[in-house]
Amino acid sequence: MKKWLLFIIAISLVLIAPAVGKRHEVEWNNRTYEIIMPYDEIEAWLQQDSEHVWKKLKEAGLTTVSVEAETLESLEKSGHVLLLNMDEWKHTLVLLNERVDQMPSRGLVVYPLNDAFPVASSLRDTFGDDVREVEINQKTYYVIEGNAKKIERVPLGYDEAKVAHVIERGFMVVLRIPDARDMNEGSVRVLQQVESLKNEHMSKLLPTGEQVAGYPSDVEKWGERWKRAGYALLSTEFYEAKGLTTLAKAMDVHVVRLHSLNLEQRKPNEAVDVAIRAIKERNIRALFIRPYTSEEIAQNIEKTVSVMKQIVQHMPSHYTLGKSEPFAPVERSSMATIGLIVGTTAFLFLAIRSLVSPLWAFVAAGGAFALSVAGAFLAIDLAWKALALLVAIVTPVYAAKPSSVQEGWRGTMMAYSRAIVISFAGISWIVTMLYGNEYIAYVGEGFRGVKLVYVVPIVAMVALVLPSIVQEPILPFMKRLWKHPITVGHVVLSLIIFALLAYYVLRSGNTGTASAFELAARQKLEEWLYVRPRTKEFLLGFPAYVLALAVINRQKKLGAVLLVVGTIGWLSMINTFTHLHIPLFISFIRTMYSLGLGFVFGVVLIYAYRSVWKWKKVIR
């Protein structure tokens with residue numbers, strides 16, 4: 001039966017191989033990135049010598065300028081209107097010796113200062129009957145009834161002259177879509193304007209605020225309209241507005257990942273490193289640069305331009321500055337789906353049978369088959385995610401728990417190779433299960449259960465090796481432990497173990513923390529190796545596992561403890577590939593470095609262990 005199951009697994013891996021290759025091809029062929037800056041932060045620089053400023057930004061690598069819909073707040077800031085609250089308006093009327101009947105108790109008064117933006121028509125179209133024209137001394141004021149703060153933020157429309165000016169300077173334009181919370185019924189015309197402005201220089205939209213335009217009921221409608229117009233969507237890393245996933249899916253996941261980089265919050269060299277790592281390691285294809293603002297304008301320009309030039313200069317040569325594009329469509333074939341169903345079912349049966357018992361193997365295989373069928377034929381995405389989580393939990397345990405290890409280097413190498421093969425088999429299925437542009441572009445939640453994969457395999461391995469450590473069955477041991485008196489030492493030891501586990505879990509994943517020394521070491525490894533291997537793999541998990549293989553036949557207790565530590569390497573390896581927005585070749589290179597360096601350090605540990613063992617014998 002085992003031979004037949006291995007044969008089925010091998011056929012499964014052959015069937016899914018084209019899908020894995022296709023994803024790598026799509027990622028590798030999309031290597032053009034762009035640099036974006038917001039117009040409202042460039043605008044202050046243009047007051048001195050606009051042509052010189054545009055030229056410097058172009059030479060520094062700026063490709064695109066983002067433009068927001070104008071509001072009364074932005075028009076006042078740029079000097080196009082004068083805004084008065086109701087108290088100020090009443091004082092003005094007194095000074096002018098004028099009287100206006102039926103003044104609203106609250107609202108905002110707008111006085112246009114120039115014709116650069118069509119203020120009057122925009123106000124009438126946006127606020128309708130809430131706008132009242134008042135003429136005093138042959139000057140027209142617009143009184144808008146309502147909450148003044150909210151009125152200031154309502155989008156009025158895009159300044160088409162500003163957009164044309166940016167395009168004339170040789171830049172592409174990204175329209176920033178207003179926050180739904182700031183919009184009213186009349187400002188829907190802004191979303192219609194987005195469609196009419198579409199041209200070859202304007203191909204992407206960037207939502208702003210906490211709710212995408214149209215939220216909650218009209219997001220899909222606008223997404224479909226913008227898709228037909230030919231737009232793609234920019235999705236900001238580490239931030240997701242409400243409705244963004246719905247909008248992205250309505251636009252057929254034509255999404256470009258964007259990283260927002262505020263230069264004021266980072267040192268120049270750190271900002272460069274962050275930008276390059278985002279492009280190289282996380283499928284980011286747009287950098288949104290927020291420039292320096294804390295010093296004089298000339299200094300802010302020079303510092304911002306300097307950082308941008310360094311980003312372009314130090315970017316790996318196989319990435320090109322230009323117009324970013326969404327990833328080409330990737331879809332799983334029917335043959336790959338069949339390979340997934342039969343492969344994961346056979347794999348989980350074999351793994352659970354080896355680790356626990358035939359009964360549980362049938363349960364696991366049945367569950368895997370049911371989940372894969374639900375995912376494939378009923379299009380239940382959660383079923384694929386549940387199956388991926390199951391494979392991600394079982395694979396590192398199955399890989400780390402050797403059935404037997406022969407003595408000598410040959411046995412160690414064979415057992416290490418076996419664990420590698422098992423891990424890559426599980427990884428191949430996970431990558432093919434969670435397949436498509438929504439995972440590459442990180443639309444939605446992606447892989448669920450990262451923390452579980454960091455904890456459950458270790459707990460499972462402890463349960464599997466505990467009989468070897470305590471030299472008795474688990475249940476009698478647990479009963480005896482339960483009745484054992486608790487001492488202060490037990491409490492202190494438990495707190496230490498809990499603290500270590502908490503630190504291990506909290507520092508894992510994207511939100512984990514690391515010491516300054518470790519961060520510096522990581523940076524050096526990245527400079528030398530292009531992409532750094534994971535510390536917990538090549539310095540902890542894999543060396544401990546190699547040593548475990550070398551000693552487990554002679555010292556079962558020590559070997560069992562080291563297997564638990566070694567499991568960290570294999571589960572971390574699986575987790576590397578569950579970050580589906582990371583390019584496959586990056587994850588593969590990182591893992592190969594970890595496996596290679598981990599084995600080398602493991603060999604060093606073996607020689608150190610043998611030396612200590614010989615020294616102890618001599619002492620005796």
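All values reported here derive from a predicted model rather than from experimental measurement.
Both tests hold for Arg31 against Trp28: distance to the six-membered ring centre under 6.0 Å, angle to the ring axis within 45°. Cation-pi geometry between Lys204 and Tyr231 is not met: the NZ or CZ atom fails to fall both under 6.0 Å from the ring centre and inside 45° of the normal.
Ser235 has its side chain out of reach of Val256: every pair of non-hydrogen atoms, C-beta onward, lies at least 4.5 Å apart. Between Ser324 and Asn30, every side-chain heavy-atom pair lies at or beyond the 4.5 Å cut-off. Residues Val173 and His201 are not in side-chain contact: their nearest non-hydrogen atoms beyond the backbone lie 4.5 Å or more apart. Taking 4.5 Å as the limit, some side-chain heavy atom of Arg23 sits within range of a side-chain heavy atom of Glu27. Between Leu549 and Leu562 the shortest side-chain heavy-atom distance does not fall below 4.5 Å. At a threshold of 4.5 Å between non-hydrogen side-chain atoms, the residues Ile422 and Thr395 count as touching. Annotation: side chain of Val67 is not in contact with side chain of Val174 (no heavy-atom distance under 4.5 Å). Looking only at side-chain heavy atoms (C-beta outward), Ile177 and Leu206 stay at 4.5 Å or farther from each other.
When every heavy atom of Pro329 is checked against every heavy atom of Lys22, the shortest pair comes out as O-CE, 4.2 Å. Between Val397 and Ala460, the shortest heavy-atom distance links the atoms CG2-CB, 4.1 Å. The two atoms that bring Pro326 and Ala232 nearest to each other are CG-CB, 3.6 Å, heavy atoms only.
In terms of the ring pair (Phe, Tyr, Trp, His ring centres under 6.0 Å) criterion, residue partners of Tyr416 (sequence neighbours excluded) are, by chain and number, Trp570, Phe599. Evaluation of the ring pair (Phe, Tyr, Trp, His ring centres under 6.0 Å) rule for Tyr33 yields no partner, not counting sequence neighbours. Partners of Arg290 by salt bridge (Lys or Arg N to Asp or Glu O under 4.0 Å), not counting sequence neighbours, listed by chain and number: Glu41. Every residue meeting the salt bridge (Lys or Arg N to Asp or Glu O under 4.0 Å) condition with Glu195, not counting sequence neighbours, appears here in chain and number order: Arg225. Legend: residues meeting side chain to side chain contact (heavy atoms under 4.5 Å, CB included) with His259, ordered by chain and number and at least two apart, are Glu237, Phe238, Leu261, Val274, Ala278, Arg282, Ile284, Leu287. Every residue meeting the ring pair (Phe, Tyr, Trp, His ring centres under 6.0 Å) condition with Phe347, not counting sequence neighbours, appears here in chain and number order: Tyr398, Trp429. Under the salt bridge (Lys or Arg N to Asp or Glu O under 4.0 Å) criterion, Asp218 pairs with no residue, sequence neighbours left out. Not a single ring pair (Phe, Tyr, Trp, His ring centres under 6.0 Å) links Tyr239 to another residue, sequence neighbours left out. Partners of Arg153 by salt bridge (Lys or Arg N to Asp or Glu O under 4.0 Å), not counting sequence neighbours, listed by chain and number: Asp182.
Taking the six-membered ring for Trp, Phe327 and His24 have ring centres at least 6.0 Å apart.
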**Study point:** Test log, rule side-chain contact (heavy atoms from CB on, under 4.5 Å), inputs Thr591 and Phe424
**Key:** CA-CA 10 Å; Thr591 297; Phe424 273 115; 4.0 Å; yes
Practice item. Could you check Val188 against Trp222 for side-chain contact (heavy atoms from CB on, under 4.5 Å), going step by step and ending with a plain yes or no? Key: CA-CA 10 Å; Val188 71; Trp222 287 109; 3.4 Å; yes
Review point. Would Val462 and Leu464 count as a side-chain contact (heavy atoms from CB on, under 4.5 Å) if you check the C-alpha gap in whole Å, the side-chain angles of each, and the deciding distance to 0.1 Å?
Key: CA-CA 5 Å; Val462 169; Leu464 290 171; over 6 Å; no
Point to revise | Criterion side-chain contact (heavy atoms from CB on, under 4.5 Å) on Leu389 and Arg448, from CA distance to verdict | key: CA-CA 7 Å; Leu389 178 59; Arg448 296 183 180 183; 5.9 Å; no
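Note: Leu350 CG to Thr345 OG1 = 12.5 Å, rounded to the nearest 0.5 Å. We find the CG-CD1 distance between Leu13 and Ile11 to be 9.5 Å, quoted to the nearest 0.5 Å. Atom NZ of residue Lys2 and atom CD1 of residue Ile9 lie 10.0 Å apart, to the nearest 0.5 angstrom. Put simply, CD1 on Ile586 and CG on Asn283 are 9.5 Å apart, with the number rounded to the nearest 0.5 Å. For the atom pair His581 NE2 and Tyr439 OH, the distance stands at 14.0 Å (nearest 0.5 Å). One distance of note links CD1 of Ile289 with CD1 of Ile36; it measures 9.5 Å at 0.5 Å rounding.
Counting heavy atoms of neighbouring residues, nucleotides and ligands inside a 6.0 Å radius, atom CZ of Phe588 does not exceed 12 of them. Atom NZ of Lys242 has 12 or fewer neighbouring heavy atoms from other residues, nucleotides or ligands inside a 6.0 Å radius. Dense packing is recorded around CZ of Arg176, with more than 12 heavy atoms of other residues, nucleotides or ligands lying under 6.0 Å away. Phe585 CZ: more than 12 foreign heavy atoms inside a 6.0 Å radius. Counting heavy-atom neighbours within 6.0 Å of Lys150 NZ, excluding the residue itself, gives a total of 12 or less. Shown here is Phe369, whose CZ atom has no more than 12 heavy atoms of other residues, nucleotides or ligands within 6.0 Å.
A distance-only check finds no donor-acceptor pair linking the side chain of Trp384 to the backbone of Leu434 [under 3.5 Å]. Using modelled atom types, no side-chain atom of Asn437 and backbone atom of Val253 make a donor-acceptor pair closer than 3.5 Å. When atom types are taken as modelled, the side chain of Ser587 and the backbone of Leu584 share no donor-acceptor pair closer than 3.5 angstrom. Side-chain atoms of Asp252 never come within 3.5 Å of backbone atoms of His254 as a donor-acceptor pair (strictly under, hydrogens ignored).
Contact check on Arg285 versus Glu325 returns no salt bridge, with no Lys/Arg side-chain nitrogen under 4.0 Å from an Asp/Glu carboxylate oxygen. Using a 4.0 Å cut-off between charged nitrogen and carboxylate oxygen, Lys249 and Glu220 do not count as a salt-bridge pair. Looking at Arg181 and Glu210, a side-chain N of the basic residue comes within less than 4.0 Å of a carboxylate O on the acidic one, giving a salt bridge.
Within the structure, every pair that satisfies the salt bridge (Lys or Arg N to Asp or Glu O under 4.0 Å) test and touches residues 374-388, not counting sequence neighbours, is listed here: Asp381-Lys385.
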Only distances under 3.5 Å count here; give the side-chain donor-acceptor pairs of residues 537-545 to other protein atoms, sequence neighbours excluded, each with its distance to 0.1 Å.
| unit_1 | atom_1 | unit_2 | atom_2 | d |
| --- | --- | --- | --- | --- |
| Glu537 | OE1 | Ser594 | OG | 2.9 |
| Glu537 | OE2 | Ser572 | OG | 2.7 |
| Glu537 | OE2 | Met573 | N | 3.4 |
| Glu537 | OE2 | Thr576 | OG1 | 3.4 |
| Tyr545 | OH | Ala399 | O | 3.2 |
| Tyr545 | OH | Ala400 | O | 3.4 |

Donor-acceptor contacts under 3.5 Å from residues 330-340 side chains, at least two apart:
| unit_1 | atom_1 | unit_2 | atom_2 | d |
| --- | --- | --- | --- | --- |
| Arg332 | NE | Thr337 | OG1 | 3.2 |
| Arg332 | NH1 | Thr432 | O | 2.9 |
| Arg332 | NH1 | Met433 | O | 3.0 |
| Ser333 | OG | Ala336 | N | 3.2 |
| Thr337 | OG1 | Ser333 | O | 3.0 |

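No side-chain N or O of Glu68 forms a donor-acceptor pair with one of Thr208 less than 3.5 Å apart.
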